[in-house]
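Here is the naming used below: chain letters follow the sequence lines, and residue numbers restart at 1 for every chain.
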Amino acid sequence: MPMIEVKNLVKKFGDFRAVDNISFKVKAGERFALLGPNGAGKSTTIKMLTTLLKPTSGELIMNGYNVLKEQNKVRKSFGIVFQDPTVDNDMTAYENMELHAVLYHVPKRDLKSRIKQLLELVELWDKKDILVRNFSGGMRRRLEIARGLLHHPKILFLDEPTVGLDPQTRVLLWNYVNKLAKDKNMTILFTTHYLEEAENNADRIALIDHGNLISIGNLKDLLLKTKSKNLEEAYLKLTGTEIRDEKLEPGVAWKERHRARLR
Amino acid sequence: MYQIYILWFRQIKKYFRSKSRIVGAIGQPLLFLLALGYGLGSVYKKAGDGNYLHFLVPGIMAQTVLFSAMFYGAMLIFDRQFGFLKETLVAPVSRLRIMIGGALGGATTATLQGFLVLVIAYIIGFRVSHIYMIFFALIIMFVLATAIATFSSGLGSFVQDMQGFQAINQFIIFPLYFLSGALYPLTNVPTWLRIIAEVNPISYTVDAMRYALINQTKFGLEKDIIALLITLVVCIAYGVWQFRRIQT
Ligand SMILES: Nc1ncnc2c1ncn2[C@@H]1O[C@H](COP(=O)(O)OP(=O)(O)OP(=O)(O)O)[C@@H](O)[C@H]1O
Ligand SMILES: [Mg+2]
């Protein structure tokens with residue numbers, strides 16, 4: 001039984017199809033990368049999987065539960081690090097961690113040690129009592145990641161987890177995540193624009209563009225199929241070299257770019 | 001339970017960390033008490049109704065609770081804008097508990113603010129008729145605060161932006177407040193105003209507060225309590241219904 005199953009998933013915003021009939025499966029313990037240009041529909045797909053957004057149509061099954069009907073059971077099965085910040089700036093790093101641990105039913109006796117372990121991992125333990133509003137962008141991101149790793153869910157979503165992180169922390173994060181996948185048989189679904197991260201850490205890679213799934217498989221097959229030397233070459237062959245304007249309708253995006261050129 | 005507690009505690013912590021909220025919470029009612037209490041006091045006395053400050057204090061306390069509890073909805077909108085809302089919405093905790101925890105936190109701080117007004121009123125000469133009835137006033141304030149905080153969180157889940165929320169505040173809460181009996185007695189007002197006041201839940205809260213603090217009532221305590229409980233149930237039902245449908 002697959003850990004994540006997406007069947008004919010569609011999400012429309014008005015007339016715009018952000019996710020256009022996507023289907024894929026992820027096995028338990030698999031590390032699965034969802035790649036694609038800005039605005040491809042990666043975050044929207046993750047939002048639907050994590051119960052934050054209702055699909056226009058399609059079926060979603062995670063850990064054997066129907067995502068649309070058994071929301072509470074589904075929520076017990078996954079953890080997530082969002083692309084956008086979600087920490088509370090008016091609380092300290094420790095308080096943010098504590099609140100998360102309680103919401104995710106981390107046993108009380110493990111709570112303090114677990115928080116300490118993770119804040120030490122991202123080197124924020126000595127800053128644990130500082131209000132998050134006084135953190136730098138990178139520190140906030142590190143906190144966000146430490147928080148996402150606090151409990152050990154069956155499925156972990158990482159939506160561009162390494163944006164804004166220094167190389168040291170990036171290495172640390174991937175080592176930790178790979179260990180979780182191996183030791184706990186945790187299923188990892190992540191997105192990234194650093195293609196070498198997908199090369200090094202994904203068992204399988206899905207490429208989406210304009211809400212469509214255009215390729216899925218392991219790295220070797222992908223390179224073979226596209227006759228490419230590395231993932232970047234394959235990626236550019238499949239998605240083209242045109243720049244995407246996120247958050248704009250295709251027509252509007254084109255006009256905007258033209259205006260910029262005329263200026 | 002622990003989940004509800006930690007979300008409640010978050011609101012309390014945030015309240016005490018925000019100096020401006022505490023100062024504002026004292027400043028505005030003080031202004032009302034001084035300007036209206038002393039400004040209109042002599043007119044009120046001439047009309048033969050006694051001490052206006054005594055009449056006014058329970059109304060201003062209800063006002064403070066009302067507007068502070070409404071602020072909880074604004075907090076929810078901030079939580080959405082700063083992303084924190086997502087953190088709670090994906091957690092394996094039912095939406096009901098998430099809402100209860102936060103709204104009880106908002107209700108607690110609103111009640112506290114109402115109590116602060118009482119302390120200020122004491123300093124400028126207000127006296128309650130029976131000291132133990134302060135507990136009763138606290139309960140009434142907390143019930144009102146819970147009702148309004150859940151209502152405002154329903155509103156905050158649905159409106160999503162601050163401007164829209166403020167507009168609704170202006171169009172619903174302000175009129176409800178000014179057309180209640182908070183600032184003037186409902187004895188000699190035109191019939192239309194009296195009718196509006198009689199279907200206005202805030203009037204009953206204010207009346208119950210007056211019963212508790214200065215032993216005066218227009219509708220009678222039973223009616224007040226029934227109206228207050230109906231308001232509570234309707235607000236909770238609305239808030240839960242809206243909050244369950246929330247998407248980001
Ligand atoms: N709430 C919304 N209302 C309208 N359009 C939306 C909404 N959310 C997303 N979109 C649109 O859906 C498309 C997909 O967005 P999504 O955030 O899923 O992209 P993404 O693949 O995660 O991109 P990125 O790499 O930039 O994070 C975009 O065109 C975006 O503008
Ligand atoms: Mg995204």
Where on [X] is there a heavy atom nearer than 4.5 Å to chain B: the side chain, the backbone, both, or neither?
{"X": "A:Ile80", "value": "side chain"}
{"X": "A:Val102", "value": "both"}
{"X": "A:His100", "value": "both"}
{"X": "A:Lys73", "value": "neither"}

Using a cut-off of 6.0 Å, state whether more than 12 heavy atoms not belonging to [X] lie near its atom [atom1].
{"X": "B:Phe158", "atom1": "CZ", "result": "no"}
{"X": "A:Lys128", "atom1": "NZ", "result": "yes"}
{"X": "B:Gln81", "atom1": "CD", "result": "yes"}
{"X": "B:Arg97", "atom1": "CZ", "result": "no"}
{"X": "B:Tyr238", "atom1": "OH", "result": "yes"}

Ion pair present between B:Arg10 and A:Asp88, side-chain N to carboxylate O less than 4.0 angstrom?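 Looking at B:Arg10 and A:Asp88, the cut-off is met.
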If I measure from the heavy atoms of chain A, does B:Lys14 come under 4.5 Å with its side chain, its backbone, both, or neither?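 For B:Lys14, the contact with chain A is made by the side chain alone.
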Side-chain donor or acceptor of A:Arg75 paired with backbone N/O of B:Ser94 under 3.5 Å: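 No, the answer is negative, given that no donor and acceptor are paired below the 3.5 Å cut-off.
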Taking every heavy-atom pair that is under 4.5 Å apart, which of A:His105, A:Lys76, A:Lys47 has the most such pairs with chain B?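 Winner by heavy-atom pair count: A:His105.
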A:Tyr104 and B:Glu87: which non-hydrogen atoms are nearest, and at how many Å?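 The pair with the smallest heavy-atom distance is OH-O, 4.3 Å.
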Considering all heavy atoms, the nearest B:Phe84-A:Asn96 contact: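 Closest approach of B:Phe84 to A:Asn96: CE1-OD1, 4.3 Å.
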What distance do [X] atom [atom1] and [Y] atom [atom2] have between them, rounded to the nearest 0.5 Å?
{"X": "B:Gln3", "Y": "A:Leu99", "atom1": "CD", "atom2": "CG", "answer": "9.5 Å"}
{"X": "A:Asp90", "Y": "B:Asp79", "atom1": "CG", "atom2": "CG", "answer": "9.0 Å"}
{"X": "A:Arg133", "Y": "B:Phe82", "atom1": "CZ", "atom2": "CZ", "answer": "7.5 Å"}

Are [X] and [Y] side-chain neighbours, meaning at least one heavy-atom pair lies under 4.5 Å?
{"X": "A:Phe78", "Y": "B:Val90", "value": "yes"}
{"X": "A:Asp84", "Y": "B:Lys86", "value": "yes"}
{"X": "B:Leu7", "Y": "A:Leu103", "value": "yes"}

